Amino acid sequence: MLVSPSLLAADFLHLDSEVEKLNRGADWIHLDVMDGSFVPNISFGFSVIDAVAKVAAKPMDAHLMVVHPEHWFERLAADGVEFVSFHLEAAGRRTASHIMAIHDLGMKAGVAINPDIPVRSLFPYIGKADFFLIMSVFAGFGGQKFIYESLDRISELKGEVVARGADALIEVDGGVGTGNAAALREAGADVLVAGSSVFNSPDAVAAMQSLRAA
Ligand code: DX5
Ligand code: ZN
């Protein structure tokens, strides 16, 4: 599995050394962007992303928890971001055109859903999106408890992706740690997002390695 640690759980007073840990141990670098409207929290914006982009040695994976994700695609591309996910709940009928806009900018497109959105809502985008992001907590805050029903949701999506012969990756985000990583792999997850379990560990690089090997 791939590991995409969430920078949201990093020590923002020491971002350079935190990104350096990710350069050593991560597959992707997960950047949680929140606008205070789509979710009841604000995280960080381009002042942080521009700075991280200068030192990131791994692909950046931006997770847009914002009402208007399409406003930011160009700036993310200019920063060299490789993976961009936005929420189906925000995009609605514009989901397919958002995927195309992301592709036109040379980036990979992901469609994300919160735990209360039926997984079958993603099925129309199989064959279009490069990846899907299944939230295993409600988007908005790090450090929440993993919702176990997410395992069934991942299996359901994986089954459909495989049945259609597509190769979309399934990313899971929220409450992920060594206690559930193996179960997530068995359910069909390809990319694990982990914030607190990586950054609260005394050895972040070892924590990333054990998630990858789960
Ligand atoms: C939540 C974010 C997550 C979060 C994960 O809205 O999308 O990426 O940072 O944090 P943990 O791993 O602590 O649940
Ligand atoms: Zn996220």
Side-chain angles (χ1 to χ4, degrees), residues 1-12 15 18-19 21-22 25-45 48-49 52 56 58-67 69 72 76 81-91 107-117 129-151 153-154 169-181 183-185 189-202 204 207-212 214:
M1 279 186 297
L2 299 175
V3 181
S4 187
S6 168
L7 200 71
L8 194 61
D11 176 355
F12 279 71
L15 264 187
E18 297 288 67
V19 173
K21 288 177 196 165
L22 303 188
D27 296 292
W28 299 354
I29 297 177
H30 189 81
L31 302 168
D32 286 302
V33 180
M34 305 179 187
D35 65 355
S37 292
F38 181 72
V39 288
N41 194 12
I42 293 174
S43 55
F44 52 77
V48 168
I49 298 172
V52 170
K58 297 293 165 83
M60 290 180 288
D61 165 35
H63 174 195
L64 302 177
M65 288 163 275
V66 305
V67 174
W72 313 111
L76 292 169
V81 167
E82 225 164 284
F83 300 90
V84 179
S85 58
F86 61 88
H87 275 258
L88 181 71
E89 305 94 295
M107 302 182 291
K108 304 277 191 221
V111 184
I113 53 170
N114 264 310
D116 59 346
I117 304 298
D130 301 287
F131 67 106
F132 294 103
L133 195 168
I134 298 288
M135 291 302 302
S136 41
V137 301
F138 280 89
F141 299 91
Q144 302 181 73
K145 196 169 168 295
F146 180 79
I147 299 172
Y148 266 87
E149 289 76 8
S150 309
L151 293 171
R153 290 163 58 76
I154 292 163
L169 297 176
I170 300 180
E171 181 172 34
V172 56
D173 184 1
V176 173
T178 46
N180 51 28
L184 286 164
R185 175 177 43 72
D190 301 294
V191 186
L192 302 180
V193 176
S196 25
S197 73
V198 166
F199 283 103
N200 294 349
S201 158
M208 291 181 254
Q209 182 51 41
S210 53
L211 287 173
R212 186 180 298 106

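One-based numbering along the sequence shown. These numbers come from the heavy atoms of this one structure, side chains and all, not from hydrogens, waters or symmetry mates. For ligands, and for the atoms within them, numbers begin at 1 and follow the listed sequence. A quick note: this is a predicted structure, and the numbers were derived from the prediction, not measured.
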Margin query: Among the N/O/S atoms of Asp173, which is closest to the Zn ion (ligand 2)? Give the atom name.
Written below: OD2
Next item on the list: Enumerate the atoms of ligand 1 whose separation from the nearest heavy atom of His30 is less than 4.0 angstrom.
Entry: 8 (O)
Item checked: Which of the ligand 1 atoms, numbered from 1, are nearer than 4.0 Å to a heavy atom of Leu8 -> 9 (O)
Notebook entry, point to check: Atoms of ligand 1 less than 4.0 Å from Met65 heavy atoms?
Noted result: 6 (O), 7 (O)
Next item on the list: Considering the heavy atoms of Gly174, write down every atom of ligand 1 situated less than 4.0 Å from one of them.
Entry: 14 (O)
Margin query: Suppose we measure from atom 1 (C) of ligand 1 to each protein heavy atom; which comes out shortest, and what is that distance?
Written below: Phe141 O, 3.5 Å
Next item on the list: Mind checking the CG-CD1 spacing from Leu7 to Ile49? Nearest 0.5 Å is all I need.
Entry: 9.5 Å
Next item on the list: Mind reading off the angle at the Zn ion (ligand 2) between the ND1 atom of His63 and the OD1 atom of Asp32, rounded to 10°?
Entry: 90°
Next item on the list: Distance to 0.1 Å, residue and atom name: give those for the protein heavy atom nearest to atom 12 (O) of ligand 1.
Entry: Gly195 N, 2.7 Å
Check: Does an N or O anywhere in Ala194 fall below 3.5 Å from an N or O of ligand 1?
Finding: no
Notebook entry, point to check: In terms of atom number and element, which parts of ligand 1 are under 4.0 angstrom from non-hydrogen atoms of His63?
Noted result: 7 (O)
Note to self: Using side-chain heavy atoms (C-beta onward) and a distance below 4.5 Å, is Met1 in contact with Leu211?
What the structure shows: no
Next item on the list: Just let me know how Ser196 lines up against ligand 1, side chain, backbone, both or neither, with a heavy-atom cut-off below 4.0 Å.
Entry: both
Item checked: Residue and atom name of the nearest protein heavy atom (relative to atom 3 (C) of ligand 1), distance in Å to one decimal -> Asp173 OD1, 2.9 Å
Margin query: Are the side chains of Pro115 and Glu149 in contact, using a 4.5 Å heavy-atom criterion?
Written below: no
Notebook entry, point to check: Got a second to check how far Ile29's CD1 is from Asp61's CG, nearest 0.5 Å?
Noted result: 9.5 Å
Next item on the list: Using distance alone, determine whether Gly142 and ligand 1 share an N or O pair under 3.5 Å.
Entry: no
Note to self: Could you tell me, atom by atom, which parts of ligand 1 come under 4.0 Å of a heavy atom of Met34?
What the structure shows: 6 (O)
Item checked: Val193 and Val176, any side-chain heavy atoms less than 4.5 Å apart -> no
Note to self: Would you call the rings of His87 and His63 parallel, tilted or perpendicular, taking 30° and 60° as the class edges?
What the structure shows: parallel
Next item on the list: Under 4.0 Å from a heavy atom of Gly175: give me the atoms of ligand 1 that qualify, with their elements.
Entry: 11 (P), 12 (O), 14 (O)
Note to self: Students often mix this up, so state it plainly: with edges at 30° and 60°, are the rings of Trp28 and Phe131 parallel, tilted or perpendicular?
What the structure shows: perpendicular
Note to self: Can you name the atoms of ligand 1, numbered from 1 with element, that are less than 4.0 Å from a heavy atom of Gly140?
What the structure shows: 1 (C), 6 (O)
Note to self: Which atom name does His30 have for its N/O/S atom nearest to the Zn ion (ligand 2)?
What the structure shows: NE2
Next item on the list: Have a look at Asp61, Val193, Asp32 and point out the one with the heavy atom closest to atom 7 (O) of ligand 1.
Entry: Asp32
